[in-house]
Amino acid sequence: MGKNDQRVEAVLELLRKQAPLSVKQEKFCCTACVERFLKAKGDHVKKAAKSLRACLSWRDSIGIDNLIADEFSAELADGVAYVAGHDQESRPILIFRIKQDYPKLRSQKMFTRLLVFTLEVAIGTMPKNVHQMIILLDASFFRSASAFLNLFLPTLKLVADFYPGRLHSAFLIDPPALFSYLWKGVRPFVELSTVTMIISSLDFEDSLDFSDFAAYPRASSLRFDQSTAKIGSSASSRFSFTVSHHFDSLKPWYLSLTDTSASKVGPTSPSPLGPALISPLNARSLSFASPAARMPRGVINDGSSYSSRLTRKSLFPSTPLPPKSAPMVGNGKKVNQPKTPRPSFLQSPAVFFRRECHVSKTEKNREAFRPLLKFYRRPYDEMIYRSKMRPPLGGLISIVTPNIRRRHVSMSQRF
C-alpha cells in the first residue's frame, strides 16, 4: 500500500470515528473523491477529513439525492443552465445563461439547487477516466457588474468547497464594463481565480461566416436591443455613413466624405460640380473659423492679393521658418547630407523589451476558448439535454421518453 492509499484510508477512518457513514455516503467517498479532497488540502489528512465531512453534511442538507428535473421545468425550457456537450478530452461543458432579473424572481437557495443539479448531471455524463468539467458563463444578460459579481463569487466558492478538483476552467463571456476592475480587487481572495478567464465574443465574430451564424445564433443580450437596430444610411454635418443590405458584400458599409448637412459653411445652392467636399475651409464652424473660412469661396479663389494673404496667414504658422540651405560644391550642385536615423527605442519602450516568443495572456485565453466556441453558439435543445440525465435526476420524463414506441395492441389482446 502506497503513501497515497494510506492517506485515503486515514481520512476514511477519521470520518467513521466522527459518525458512521450511510450506504450513499460510502459510495460517494470513493478513492478518487478522497484523493481530490486531499489534493485540495495539500495532502493534509485532518483538513481533508474535515472538509469531506462538511461536504457530506451539506449534501444532506440540500437534499442532492432528491433533485429531479421536474423541479426546474421552467429553467430547462429556457436553457438557463445545461450541459452542451463534451470537448476533445471528453470533459463536459456547462453553459449558464442567467439573466439579471433571475435572482429577483428566484431565491438564492433555488439558484444553488439549480447549480448543483447541473453539476450532478455533468458528473453523471463523465467517462471513467475524466474527472473535470468546463463552465461557460454568459454574462451578456447583466447590466450591473456588481450584480453579476454577487452571483459569480458564490458559484466559484461552491465549486471550490464541495467539488474540489472538478473545475478545469471557467470562461466569463461578455461581462459588464466595470467587472474587470471589480475582479482585479477580489481575485487574490478567490481560490479558483487561476482557472477563470474573461472572454469577449466580439473577438470571434470573424471566425464564422454568415452561414455559420445562422447555424449557431448568438443569444440576444440585454445591452443590445435588436428592435432599435436599423440598416440604412446615416448623415451628419461631416460625413455620410451607409450600410449595405447585402450581407455577402466585402464591405457592408460605405463612408463618403461629403458635406450633406444643410447648415454648412459657404453657399448652400446646388453646385454643378457635385456635393461639397470636406476641406479646411468648411470643416469648422462659423464661430471658430478663420477669416479665410468666413469669406465666400468665390472671393477667396479670385486670385487677389488680399485673399492670398489671408489664406497664407491662416494655413501657415505666423513664425517664419528658417530657409533651407544646402552646401554648394564647385560645379553648383547641392549636396544632400545624410539624415540621422531615428533610434528604435524612441518608438515605444515596450518594443525594446519585447520578445518574439512572448504571447500575451489575452491571446492564450482566446486560443483556449476557440475550441469551445461551437458549443457556445450551438442552439439549445431541451430533449438532447434531458437525454444526458441519469435516473433519478431526469425525473419521470427521463424514464418514459417520447422516443419509445409502444407496440400496437389489438382490441382482442386488451380484454
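Bear in mind the structure is a predicted one, so any value in this text is a computation, not a measurement.
Evaluation of the side chain to side chain donor-acceptor pair (under 3.5 Å) test over residues 182-195, restricted to residues two or more places apart or in two chains, returns none. Among pairs with a residue in residues 146-171, those fulfilling side chain to side chain donor-acceptor pair (under 3.5 Å) read E120-Y163, S144-S146, K157-D161, at least two apart in sequence or across chains.
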Which pairs would a plain distance check flag for residues 46-55, meaning a side-chain donor or acceptor within less than 3.5 Å of a matching protein atom at least two apart in sequence or in another chain?
unit_1	atom_1	unit_2	atom_2	d
R53	NE	Q18	OE1	3.4
R53	NH2	L15	O	2.9
R53	NH2	A19	O	3.2

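Using a 4.5 Å heavy-atom cutoff, the side chains of F141 and I98 are not in contact. Here the side chains of P103 and F111 are not in contact, with every heavy-atom distance at 4.5 Å or above. At least one side-chain heavy atom of N365 sits under 4.5 Å from a side-chain heavy atom of I199. Contact of the L94 side chain with the L119 side chain is registered, since non-hydrogen atoms from C-beta on lie closer than 4.5 Å. Contact check for D87 versus P371: no side-chain heavy atoms found under the 4.5 Å cut-off. The shortest side-chain heavy-atom distance between I198 and F179 falls under the 4.5 Å cut-off. At least one side-chain heavy atom of V116 sits less than 4.5 Å from a side-chain heavy atom of L158. Residues V190 and T196 are not in side-chain contact: their nearest non-hydrogen atoms beyond the backbone lie 4.5 Å or more apart.
When every heavy atom of L21 is checked against every heavy atom of L56, the shortest pair comes out as CD2-CD1, 3.9 Å. A pairwise comparison of heavy atoms in F142 and K99 identifies CZ-O, 3.7 Å as the closest pair. When all heavy atoms are compared, the tightest approach of L192 to L156 is CD1-O, 3.6 Å. Across all non-hydrogen atoms, the minimal contact from P20 to Q25 is O-OE1, 4.1 Å. Heavy-atom minimum distance, E35 versus V8: CG-CG2, 3.9 Å. What you find for H86 and F375 is that their closest heavy atoms are O-CZ, 3.1 Å.
Atom OH of Y385 sits about 9.0 Å away from atom NZ of K388, to the nearest 0.5 Å. The structure places NE2 of H131 at 11.5 Å from CD1 of I123, a figure rounded to the nearest 0.5 Å. Between the CG atom of L137 and the CZ atom of F148 there is a distance of 5.0 Å, given to the nearest 0.5 Å. We find the CZ-CD1 distance between F369 and I134 to be 10.5 Å, quoted to the nearest 0.5 Å. Interatomic distance, CE of M133 versus OG1 of T118, reported as 10.0 Å (0.5 Å rounding). We find the OG-CD distance between S73 and E382 to be 8.5 Å, quoted to the nearest 0.5 Å.
Ring pair Y82/Y380 is tilted by interplanar angle, where 30° to 60° counts as tilted. Using the six-membered ring where Trp is involved, W58 and F162 have ring planes that are parallel, under 30° apart on the 30 and 60° scheme.
Side-chain contact annotation: E71 with N66, donor-acceptor N/O pair under 3.5 Å absent.
No donor-acceptor distance shorter than 3.5 angstrom exists from the side chain of R91 to the backbone of V130, with no hydrogens or angles considered. For the pair E75 (side chain) and V80 (backbone), a donor-acceptor distance under 3.5 Å is absent. Side-chain N or O atoms of R390 include one that pairs as donor or acceptor with a backbone N or O of G124 at under 3.5 Å.
Residues R366 and E363 are paired through a salt bridge, judged by an N-O separation under 4.0 Å between the basic side chain and the carboxylate.
Taking the six-membered ring for Trp, F171 and Y376 have ring centres at least 6.0 Å apart.
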Residue pair L172, F152: steps toward the side-chain contact (heavy atoms from CB on, under 4.5 Å) verdict = CA-CA 9 Å; L172 305 181; F152 176 62; 3.3 Å; yes

